[in-house]
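Reading through the structure tokens given below for one structure.
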Amino acid sequence: MRLFDSHAHLGAPELLADAPAMIARAREAGVEGMIAIGAGYGVGANAGAVMLAQEHRGVWASVGVHPHDAAEWSELAATALDGWLAHERVVAVGECGLDYYYAHSPREAQQSALAAQIAIARAAGRPLVIHVRPTQGARDAFDELLQIFDREGAERCGGVIHCFTGDLPFARECLARDFDISFSGIVTFKNAGELREVARALPLERLLVETDTPLLAPTPHRGKRNEPAWVARVVETLAELHGRSPAEIAQLTNARARERFRLGPAS
């Protein structure tokens with residue numbers, strides 16, 4: 001299989017030293033492309049993802065401010081993102097979005113940081129990588145995300161809803177705004193039956209796969225530190241759901257990731 005991991009936090013401070021070995025294991029497992037996500041560890045930590053993208057073939061970077069860190073948003077953060085986006089290996093803005101489940105930053109700060117990053121993505125001509133998690137048992141973050149998309153013109157840059165855990169109506173609303181759906185190891189979990197039904201109902205040509213390394217290791221690796229080499233388990237689950245071969249799903253999701261991030265076809 002020729003695989004593409006669309007979301008891995010390879011530049012996280014605790015992974016940076018191990019990242020070259022993880023990338024090598026991924027290549028041995030057939031992963032020919034990876035997006036290193038810089039967000040999630042403070043604004044400055046985006047530099048690790050950019051460095052890895054510069055140093056490793058088949059690795060590109062996305063830079064942004066995670067909703068957990070939205071209280072850090074400032075003009076200085078915006079300037080830093082603009083600087084990283086000038087690098088040819090930085091292909092997206094994010095992950096950014098709304099997280100009302102943990103609420104590490106105030107909602108207003110999350111909404112403002114997201115709107116600002118949509119504007120940056122539009123100006124830079126880059127897609128967005130979106131994180132969205134509502135309050136337990138609610139739809140608040142889903143509904144407000146769509147409202148912000150519409151108000152800020154997010155469909156003009158499009159992007160990816162990463163680690164998708166929403167329902168089918170929300171997925172279709174995202175697709176209609178030019179946001180693809182990316183599934184993580186969660187779709188392999190025993191208790192994720194409803195999510196698998198959503199994955200079964202969506203068009204294959206709009207799906208991506210990811211690990212969200214170092215989190216959410218797929219079955220049978222649950223509880224371990226995740227890594228891009230294991231993205232094949234997500235592919236295999238989607239293949240089972242759609243009655244296709246894993247190689248076909250790998251090819252489709254690889255091609256879609258390359259199209260979404262404007263990387264060109266695989267050599």
Side-chain angles (χ1 to χ4, degrees), residues 4-12 33-43 45-50 52-53 59-70 73 77-78 80-82 84-85 87 89-99 110 113-133 141-142 145-146 148-149 152 154-166 170-171 174-175 177-184 186 206-216 226 228 231 234 253-254 256-263:
F4 197 109
D5 183 354
S6 69
H7 196 107
H9 291 273
L10 295 169
M34 291 160 263
I35 302 295
I37 304 295
Y41 305 88
V43 178
N46 282 282
V50 178
L52 291 172
V59 178
W60 294 266
S62 178
V63 296
V65 174
H66 193 284
H68 290 344
D69 302 321
W73 184 260
L81 294 191
D82 284 335
W84 285 313
L85 285 162
H87 197 293
R89 304 289 291 182
V90 178
V91 297
V93 174
E95 69 187 272
C96 52
L98 304 175
D99 193 311
Q110 295 186 43
L114 173 58
Q117 289 175 89
I118 292 172
I120 288 172
R122 286 175 49 190
R126 301 291 207 285
L128 289 153
V129 177
I130 295 294
H131 171 114
V132 58
R133 190 170 184 185
F142 294 155
L145 180 73
L146 296 175
I148 293 171
F149 277 179
E152 304 297 331
E155 76 285 349
R156 291 163 59 182
C157 49
V160 180
I161 309 296
H162 112 89
C163 192
F164 189 84
T165 56
F170 176 61
C174 294
L175 292 175
R177 291 164 172 80
D178 197 28
F179 282 81
D180 296 330
I181 305 299
S182 182
F183 288 101
S184 69
I186 292 175
R206 298 294 305 278
L207 302 187
L208 280 69
V209 292
E210 63 173 87
T211 56
D212 202 13
T213 294
L215 308 172
L216 303 175
N226 203 1
V231 76
V234 182
T253 53
N254 188 331
R256 185 57 187 169
R258 290 179 175 280
E259 182 177 5
R260 173 53 69 189
F261 294 112
R262 302 165 191 162
L263 307 180

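Computed from a prediction, not measured in an experiment: that's the story for all the values here.
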Next on the checklist: Quick check: closest heavy atoms across Ala78 and Trp73, and the distance to 0.1 Å?
Outcome noted: CB-CZ2, 3.7 Å

Checklist entry - Where do Pro214 and His9 come nearest, in terms of heavy atoms and distance? => result CD-CB, 4.0 Å

Checklist entry - Given side chains that start at C-beta, do those of Asp212 and Ile186 come closer than 4.5 Å, heavy atoms only? => result no

Checklist entry - Quick one: does Gln117's side chain have a donor or acceptor within less than 3.5 Å of a partner on Val65's backbone? => result yes

Checklist entry - Sequence neighbours excluded, which residues qualify as side chain to side chain donor-acceptor pair (under 3.5 Å) partners of Glu155? => result none

Next on the checklist: Does either side chain, that of His131 or that of Gln110, offer a donor lying less than 3.5 Å from an acceptor on the other one?
Outcome noted: no

Next on the checklist: Given Ser182, which partner from the list Glu210, His7, His162, Arg256 fulfils the side chain to side chain donor-acceptor pair (under 3.5 Å) test?
Outcome noted: Glu210

Next on the checklist: With no hydrogens and no angle check, just 3.5 Å: does a side-chain donor-acceptor pair link Thr211 and Asp5?
Outcome noted: yes

Checklist entry - If only atom types and distance count, is the side chain of Ser6 paired as donor or acceptor with the main-chain N or O of Val209 below 3.5 Å? => result yes

Next on the checklist: For Met34, run the side chain to side chain contact (heavy atoms under 4.5 Å, CB included) check against Thr213, Val59, Leu52, Val231 and tell me which one passes.
Outcome noted: Val59

Item to check | Whether Asn46 side chain and Gly64 backbone form a donor-acceptor pair below 3.5 Å | outcome: yes

Checklist entry - In Å and rounded to the nearest 0.5 Å, what is the CG to OG distance from Leu216 to Ser184? => result 5.0 Å

Checklist outcome for this item: Looking only at heavy atoms, the pair that brings Leu207 and Thr253 closest together is O-CG2, 3.5 Å

Next on the checklist: Between Leu208 and Phe261, is the side-chain contact (heavy atoms from CB on, under 4.5 Å) condition met? List the steps.
Outcome noted: CA-CA 11 Å; Leu208 280 69; Phe261 294 112; 4.0 Å; yes

Checklist entry - Step by step, would you call Phe4 with Ile35 a side-chain contact (heavy atoms from CB on, under 4.5 Å)? => result CA-CA 8 Å; Phe4 197 109; Ile35 302 295; 3.7 Å; yes

Next on the checklist: Is there a side-chain contact between Pro228 and Leu10 in this structure, where contact means two heavy atoms from C-beta onward sitting under 4.5 Å apart?
Outcome noted: yes

Could you give the side-chain donor-acceptor pairs of residues 118-129 under 3.5 Å, partners two or more places apart or in another chain?
from   : atom 1 : to     : atom 2 : distance (Å)
Arg122 : NH1    : Glu152 : O      : 2.6
Arg126 : NE     : Val90  : O      : 2.9
Arg126 : NH1    : Ala124 : O      : 3.0
Arg126 : NH2    : Leu85  : O      : 2.5
Arg126 : NH2    : Val90  : O      : 3.1

Checklist entry - Which distance, rounded to the nearest 0.5 Å, do you find between the CD1 of Ile161 and the CZ of Arg206? => result 10.5 Å

Checklist entry - What class does the angle between the rings of Phe183 and Phe164 fall in, given that below 30° is parallel, 30 to 60° is tilted and above 60° is perpendicular? => result perpendicular

Item to check | Side-chain heavy atoms of Val43 within contact of Asp69, under 4.5 Å | outcome: no

Item to check | CZ-CG distance between Phe149 and Leu114, expressed to the nearest 0.5 angstrom | outcome: 6.5 Å

Checklist outcome for this item: Value for OH (Tyr41) from NE2 (His68), rounded to nearest 0.5 Å, stands at 10.0 Å

Item to check | Trp60 and Arg258: CA distance, side-chain angles, deciding distance, side-chain contact (heavy atoms from CB on, under 4.5 Å) verdict | outcome: CA-CA 11 Å; Trp60 294 266; Arg258 290 179 175 280; 4.0 Å; yes

Checklist entry - Given the rule in the side-chain contact (heavy atoms from CB on, under 4.5 Å) test, do Ser62 and Ile37 qualify, once you have shown the distances and angles that lead to the verdict? => result CA-CA 5 Å; Ser62 178; Ile37 304 295; 3.8 Å; yes

Checklist entry - Is the closest side-chain heavy-atom distance between Asn226 and Leu215 below 4.5 Å? => result no

Checklist entry - Heavy atoms, side chains only, cut-off 4.5 Å: are Phe142 and Leu146 in contact? => result no

